Amino acid sequence: MLNLYCERLDVGLWAEPFNALSNLAFLFAAWAAWHSARQPDSVRPPGGLMLLIGLIASIGAGSGLFHTFSTPWARVLDIVPIFVFQLSTIWVYLRRVAGVGMARSGFAVAAFLVATMAARQFPDLLNGSFHYLPAFGVLFGLGVHHYRRGLEERSTLLVATGVFAVALAARTVDQAACPSIPVGTHFVWHVLTAATTYLVIKALIPSWRDAGSAATPRSA
């Protein structure tokens, strides 16, 4: 059994109640994103959005399992969905919003993959949060692009970047906070990261609506 977080003090399945239950925030974020994507015509969201929304729900499920069982197999379920969500978001944004070609979009996704895997070689830095810095940098870059182009939901990605920064801080100080906060701060990471994923979807939704009324919509 893996003991990685402040809250876990024994080997029981219910040893991390805050860390486990806080993953319900991802399920709520997925529902809220789905609800927003259906407005105003209440039709089923397009496939690209449904993929991202499904990944948000899978992040919550995988992380919930990991903080319940705390085993290597559950850790895989914890890591993979959020990583796939990051890669998919970059691809979708570049293709649908920025209008970048497939080759350059693929190169950007590959570069992010390499940067993240390289950062994972330093698991002790920032209490294991170092490998999320490439995601933070990309989110900030997309937020600046979104704002400078004056797109609908102009500031949403920058707000998401700010929320994610606080989430990273909560994840980073988890172990250090143990003496004063016995349950740790990792559960705050879950709640704020869920909010970040919802804001990302909220910023992407107009690109599908705009494409629906355009003569030559881009494909994700």
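Keep in mind the model is a prediction, meaning the values are calculated, not measured.
- For the atom pair CZ of Arg171 and CG of Leu126, the computed distance is 10.0 Å after rounding to the nearest 0.5 Å.
- Side-chain heavy atoms closer than 4.5 Å link hydrophobic residues (I, L, V, M, F, W, Y) into clusters, and following such links, even through other members, never connects Phe83 to Val114.
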Criterion side-chain contact (heavy atoms from CB on, under 4.5 Å) on His146 and Val97, from CA distance to verdict: CA-CA 8 Å; His146 214 74; Val97 181; 3.9 Å; yes
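- The aromatic rings of Trp189 and His186 sit tilted relative to each other, their planes meeting at an angle between 30° and 60°.
- Between Leu51 and Ile53, every side-chain heavy-atom pair lies at or beyond the 4.5 Å cut-off.
- Here the shortest heavy-atom pairing between Glu152 and Pro206 reads OE1-CB, 3.6 Å.
- Ring-centre distance between Tyr93 and His145: below the 6.0 Å cut-off.
- Val163 and Phe85 sit in two unconnected hydrophobic clusters of ILVMFWY residues. Membership requires side-chain heavy atoms under 4.5 Å apart, directly or through other members.
- Hydrophobic clustering (ILVMFWY, side-chain heavy atoms < 4.5 Å, transitive): Tyr5 and Val173 are in distinct clusters.
- Pro182 and Cys6 get closest at one heavy-atom pair: O-SG, 3.5 Å.
- For the pair Ser36 and Ile201, the minimum side-chain heavy-atom distance is 4.5 Å or more.
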Verdict with supporting geometry, Thr196 and Leu139, side-chain contact (heavy atoms from CB on, under 4.5 Å): CA-CA 10 Å; Thr196 300; Leu139 184 58; 3.9 Å; yes
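- At least one side-chain heavy atom of Phe112 sits under 4.5 Å from a side-chain heavy atom of Leu87.
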Steps toward side-chain contact (heavy atoms from CB on, under 4.5 Å) verdict (Leu55, Ser88): CA-CA 9 Å; Leu55 285 170; Ser88 301; 3.8 Å; yes
Residues Phe130, Leu133; criterion side-chain contact (heavy atoms from CB on, under 4.5 Å); working and verdict: CA-CA 6 Å; Phe130 185 70; Leu133 291 186; 3.6 Å; yes
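- Under the 4.5 Å side-chain heavy-atom criterion for grouping Ile, Leu, Val, Met, Phe, Trp and Tyr, Val76 is connected to Phe26 within one hydrophobic cluster.
- Across all their heavy atoms, Ala29 and Thr197 have their closest contact at CB-OG1, 4.0 Å.
- With hydrogens and angles left out, the side-chain atoms of Tyr132 and Thr116 include no donor and acceptor closer than 3.5 Å.
- Using a distance-only test at 3.5 Å, with no hydrogens or angles considered, no donor-acceptor pair links the side chain of Arg38 to the main chain of Ala33.
- When the shell of 6.0 Å around CZ of Arg154 is examined, it contains more than 12 heavy atoms from other residues, nucleotides or ligands.
- A distance of 9.5 Å separates OG1 of Thr161 from CG of Leu199, quoted to the nearest 0.5 Å.
- There is no side-chain donor-acceptor pair under 3.5 Å between Thr172 and Asn127.
- Taking CZ of Phe140 as the start and CG of Leu157 as the end, the distance is 11.5 Å to the nearest 0.5 Å.
- The CD1 atom of Ile79 sits 10.0 Å away from the CD1 atom of Ile82 when rounded to the nearest 0.5 Å.
- Note: Phe18 and His67 fail the aromatic proximity criterion, with ring centroids not under 6.0 Å apart.
- Across Phe69 and Ala74, no two heavy atoms sit closer than the pair CB-CB, 4.4 Å.
- Distance OG1/Thr156 to OH/Tyr198: 9.0 Å, rounded to 0.5 Å.
- Between atom CZ of residue Phe187 and atom OG1 of residue Thr185 there is a gap of 7.5 Å, rounded to the nearest 0.5 Å.
- A side-chain donor-acceptor contact under 3.5 Å links His190 to the backbone of Asn19.
- Each of Val159 and Val191 belongs to its own hydrophobic cluster when Ile, Leu, Val, Met, Phe, Trp and Tyr are linked at side-chain heavy-atom distances under 4.5 angstrom.
- For the residue pair Pro81 and Ser58, the shortest heavy atom distance occurs at CB-OG, 3.4 Å.
- Distance alone, capped at 3.5 Å, places no donor-acceptor pair between the Asp174 side chain and the Ala170 backbone.
- Nearest heavy-atom pair, Ala167 versus Thr193, reported as atom, atom and distance to 0.1 Å: CB-OG1, 3.8 Å.
- Counting only N and O atoms by type, the side chains of Ser105 and Arg95 include no donor and acceptor under 3.5 Å apart.
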